[in-house]
Amino acid sequence: MRPANRIRRRTTAAVSRHLETDVLIVGAGGAGMYAALAAAREGACVLLLDKSLVGRSGATVMAQMTVAAAIGHEEADDWRHHLRDTIAAGRELVHEPLARILCADAPARILEMDDWKVGWARSGNHITQVHAPGHDRRRCVYVDFLNTGPAVSRVLRTQLHRQDSVRRLSDLIVTDLVVHDGRALGAVGLDLERGTAVSIAAGATVIATGGLTGLYRRNSASANMGGDGYALALRAGAELVDMEFVQFFPIGHLAPRLIGMDPIMWDPFRYKLGGRLLNSDGREFTQDYGAPEDGRYVVTRDTATYAIFKEVEAGRGSPHGGAWLSFRYLSDRQLRDAFGPVIDRLAANGIDLTEQDIEVAPIAHYHMGGIRVDANLMSRIAGLYAAGEAVGGANGANRLSGNAITEALVYGERAGRLAAQAVRSGVAEAQFHAAAIPALALLEEAAHRSVAGDGLSPTAAIAELQGLMQDDVGPFRSAEGLNRALTRIDELTQALPAMPVGRAAAFNLALADWFALRNMLLVARCIATAALARDESRGAHQREDHPQLEPAWAVNLVQRLDGAALALRREPVPRLDPGEVAA
Ligand SMILES: Cc1cc2nc3c(=O)[nH]c(=O)nc-3n(C[C@H](O)[C@H](O)[C@H](O)COP(=O)(O)OP(=O)(O)OC[C@H]3O[C@@H](n4cnc5c(N)ncnc54)[C@H](O)[C@@H]3O)c2cc1C
């Protein structure tokens, strides 16, 4: 391996900057930062980059509450119980060896972060754990007052600052991976600040780009969550799995208007305080869909999304097309004891939970599908790893609350460590530069095309695509809607090359949107294609024209690119020996 901080630069006419590293990590949320730390601990020289700000963008910093791990502080627990719950929630599609890693390694990551002083909420001398839906016991840790994501991000940033061998670069959008002969050699990207191309040769590459919920009009995502990593991996020759399973968070905030607060903030309220989900008759209704709550928050996300959708369809929704969520039976003291400063921020928004109910509705929140990897988190491209939400399969058709941050931490650590151990030094320069030519040429061409015409702009096309995905590839699907979406996705894909990108060099956001749209269209096609093929209803994928779960569909759908065409096939779900799941 290279000694720390020997990332080289050089300048050529075609490439403004060329960097070299042992381990390249694309995306600096929870998974990317943990991967960087783990790779550095193995002695590797690491380049951690992000299309936005390192450690301050993506989903991790936005997350508010639960992180699932069987640390058994609140009551006796074992990672096998956690695994059993994860497999049950995943509706027969969980990649069990990956889920085993998730659950078995979770306690170590949570306790390591405790050593790093993340600030997990405590009761007396133990870490507090709450009961979240789908878990059989109190298993989820958190940092109080909706601070989990910010605290996790802060601690990881602090640890990174102590590592000399990790170089961090913000505002660098990776546009393509560089692959030669089935092996990942690095990446090519756009330096947004300078408006120039960057090439990066790496001994191993980890994709930690998070999810894709920015593809939907109603989502909990930050602007940079359009599924880049899935498209990068696909174009590099890797496979994707379970792409039809987009999780809608059932109780996203709908009304009244809420400024400066997170749309999924009602989840932690329900963990701590219960809350009542009501239809327009003022009646709790989840029991009609097989999930009686009895004052506890136990309904899983897929069932709650379905129940709200059906109540609205039956004319029993709230005025803006969702359900009511009520905490009115609680006193101001109970609310303040649980959420102190948050109650003041709600008051600033004119919301008093002792006096009024709020409206909630399903919003796109998380992606169960993703890059198909083995138990080493490596894709079928040698040297190409994935971590965090970019990984597909561990949660099957439906994810349990709290498993996503755990996944970012556990897979981040594992991917970074294993990538560093597998680094093959001595990537031939000539090989890298030859393989990078098409990606660099596209960057040059896109940046200098400077089309100022009045065609559909990438920004407008993204908005149209988000509407299309919401309406026709949302939580409830039909062949008719999916075919309509696929037709329009193809039209937009054909229109892409001529879309105007403006003339700015530095911070050309139209150019950034052009590259985002290029990925979004490919990923949208993957979701719609898989959703059309799976003619049954299961977990987060609900077909109105095929409402039943079909036992024969207990298989994974795997996609890869065959030229420009998407090839799709069924694969048996990887299972564990039953004895390994029993506690
Ligand atoms: C509002 C909200 C609340 C949530 N609450 C919880 C919770 O309480 N519990 C839980 O378990 N989960 C929760 N989740 C889900 C969880 O936060 C995410 O699944 C997890 O944080 C993903 O981590 P990650 O590191 O994989 O991706 P992210 O944290 O999303 O980071 C991905 C990074 O990749 C960068 N990137 C993307 N494309 C490129 C590119 N082409 N080039 C360079 N960089 C790129 C992005 O800018 C981003 O910084 C929540 C999610 C949201 C949105």
Side-chain angles (χ1 to χ4, degrees), residues 24-36 48-69 102 106 130 132 140-143 146-150 152-153 156 169-177 187-192 198 200 206-214 219-233 247 249 252-253 261-265 267-268 271 363-368 370-371 386-391 395 399-412 415 512 515-516 518-520:
L24 166 65
I25 296 167
V26 185
M33 286 194 282
Y34 225 124
L48 172 66
L49 58 82
D50 200 285
K51 72 194 279 184
S52 186
L53 290 178
V54 166
R56 295 177 196 274
S57 65
T60 306
V61 76
M62 297 170 72
Q64 299 190 319
M65 189 80 181
T66 47
V67 189
L102 174 73
V130 287
C140 292
V141 305
Y142 59 94
V143 178
L146 312 186
N147 271 324
T148 299
V152 164
S153 299
L156 291 174
L169 284 181
S170 293
D171 293 324
L172 205 160
I173 304 171
V174 167
T175 53
D176 275 298
L177 300 175
V188 161
L190 171 69
D191 180 335
L192 196 58
V198 180
I200 306 148
V206 180
I207 305 266
T209 45
L212 53 64
T213 49
N219 62 61
S220 63
S222 60
N224 45 6
M225 289 160 66
D228 280 6
Y230 309 122
L232 291 172
Q247 183 170 68
F249 174 74
H253 187 83
M261 299 185 80
D262 198 288
I264 78 149
M265 59 175 287
D267 214 25
Y271 293 133
I363 58 176
H365 180 56
Y366 173 84
H367 187 44
M368 271 76 71
I371 301 168
E389 199 172 332
V391 172
N395 294 285
R399 168 179 71 88
L400 281 182
S401 315
N403 267 7
I405 297 181
T406 308
E407 173 182 75
L409 308 178
V410 167
Y411 293 164
F515 277 104
R518 172 178 176 242
N519 291 334
M520 290 169 101

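Every number for a ligand or one of its atoms is a count from 1 in the order of the listing.
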Quiz prompt | Identity and separation of the nearest protein heavy atom to atom 42 (N) of ligand 1 | solution = Val174 N, 3.1 Å
Quiz prompt | Mode of Met265 contact toward ligand 1 - side chain, backbone, both, neither (heavy atoms, under 4.0 Å) | solution = neither
Exercise. For Met33 and ligand 1, answer yes if some heavy atom of the residue is under 4.0 Å from a ligand atom, otherwise no.
Key: no
Exercise. For atom 28 (P) of ligand 1, find the nearest protein heavy atom and state the residue, atom name and distance (0.1 Å precision).
Key: Ala59 N, 3.5 Å
Quiz prompt | For atom 23 (O) of ligand 1, closest protein heavy-atom neighbour | solution = Thr60 OG1, 3.1 Å
Quiz item: What part of Gln64 sits under 4.0 Å from ligand 1 if we count only heavy atoms: the side chain, the backbone, both or neither?
Solution: backbone
Quiz prompt | Protein heavy atom at shortest distance from atom 11 (O) of ligand 1 | solution = Ile405 N, 2.9 Å
Exercise. Please determine if Lys51 and Asp228 form a salt bridge, counting it only when a charged side-chain N lies under 4.0 Å from a carboxylate O.
Key: yes
Quiz item: For atom 26 (O) of ligand 1, what is the nearest protein heavy atom, given as residue, atom name and distance?
Solution: Glu389 N, 2.9 Å
Quiz item: How close does the nearest protein non-hydrogen atom get to atom 13 (C) of ligand 1, and which residue and atom is it?
Solution: Ala63 CB, 4.0 Å
Quiz item: Taking distance alone, with no angle check, do Val26 and ligand 1 share an N/O pair under 3.5 Å?
Solution: no
Self-check item: ligand 1 contact by Gln247, heavy-atom criterion under 4.0 angstrom
Solution: no
Self-check item: From Asp50, Val152, Leu53 - option closest to atom 46 (C) of ligand 1 by heavy atom
Solution: Asp50
Exercise. Say whether Ala31, considering both its backbone and side-chain N or O atoms, lies within less than 3.5 Å of an N or O atom on ligand 1.
Key: yes
Self-check item: Residue part near ligand 1, for Thr209, under 4.0 Å between non-hydrogen atoms
Solution: both
Quiz prompt | Part of Ala221 with heavy atoms under 4.0 Å of ligand 1, whether side chain, backbone, both or neither | solution = neither
Self-check item: Value rounded to 0.5 Å, distance of CZ in Phe515 from OG1 in Thr175
Solution: 5.0 Å
Self-check item: Distance filter under 4.0 Å to Ser57 heavy atoms, resulting ligand 1 atoms
Solution: 47 (O), 48 (C), 49 (O)
Exercise. Measure up the Tyr230 and His367 rings against each other and bin them: parallel (under 30°), tilted (30 to 60°), perpendicular (over 60°).
Key: perpendicular
Quiz item: Backbone, side chain, both or neither: what part of Tyr366 comes under 4.0 angstrom of ligand 1, heavy atoms only?
Solution: side chain
Quiz item: Quick one: does Asp50's side chain have a donor or acceptor within less than 3.5 Å of a partner on Ala28's backbone?
Solution: yes
Exercise. Report the distance from atom CG of Leu409 to atom OG1 of Thr60, rounding to the nearest 0.5 Å.
Key: 8.0 Å
Practice problem: Please confirm whether Ala408 comes within less than 3.5 Å of ligand 1 when only nitrogen or oxygen atoms on both sides are compared. | Solution: no
Quiz prompt | Of Asp262, Asp267, Val143, the residue whose pairing with Gln64 passes side-chain contact (heavy atoms from CB on, under 4.5 Å) | solution = Asp262
Quiz item: For atom 36 (N) of ligand 1, which protein heavy atom lies nearest, and how many Å away is it?
Solution: Lys51 CD, 3.7 Å
Quiz item: Which residue and non-hydrogen atom of the protein lie closest to atom 1 (C) of ligand 1, and at what distance in Å?
Solution: Asp262 OD2, 3.2 Å
Quiz item: Hey, are Ser220 and His365 close enough side-chain-wise for a donor-acceptor pair under 3.5 Å?
Solution: yes
Quiz item: What is the distance from atom CD1 of Ile25 to atom CE of Met33, rounded to the nearest 0.5 Å?
Solution: 11.0 Å
Practice problem: Decide, yes or no, whether a salt bridge links Asp176 with Arg518 under the criterion of side-chain N to carboxylate O below 4.0 Å. | Solution: yes
Exercise. Determine whether any heavy atom of Ser220 lies closer than 4.0 Å to an atom of ligand 1.
Key: yes
Quiz item: Taking both backbone and side-chain atoms of Ala404, is any N or O found less than 3.5 Å from an N or O belonging to ligand 1?
Solution: yes
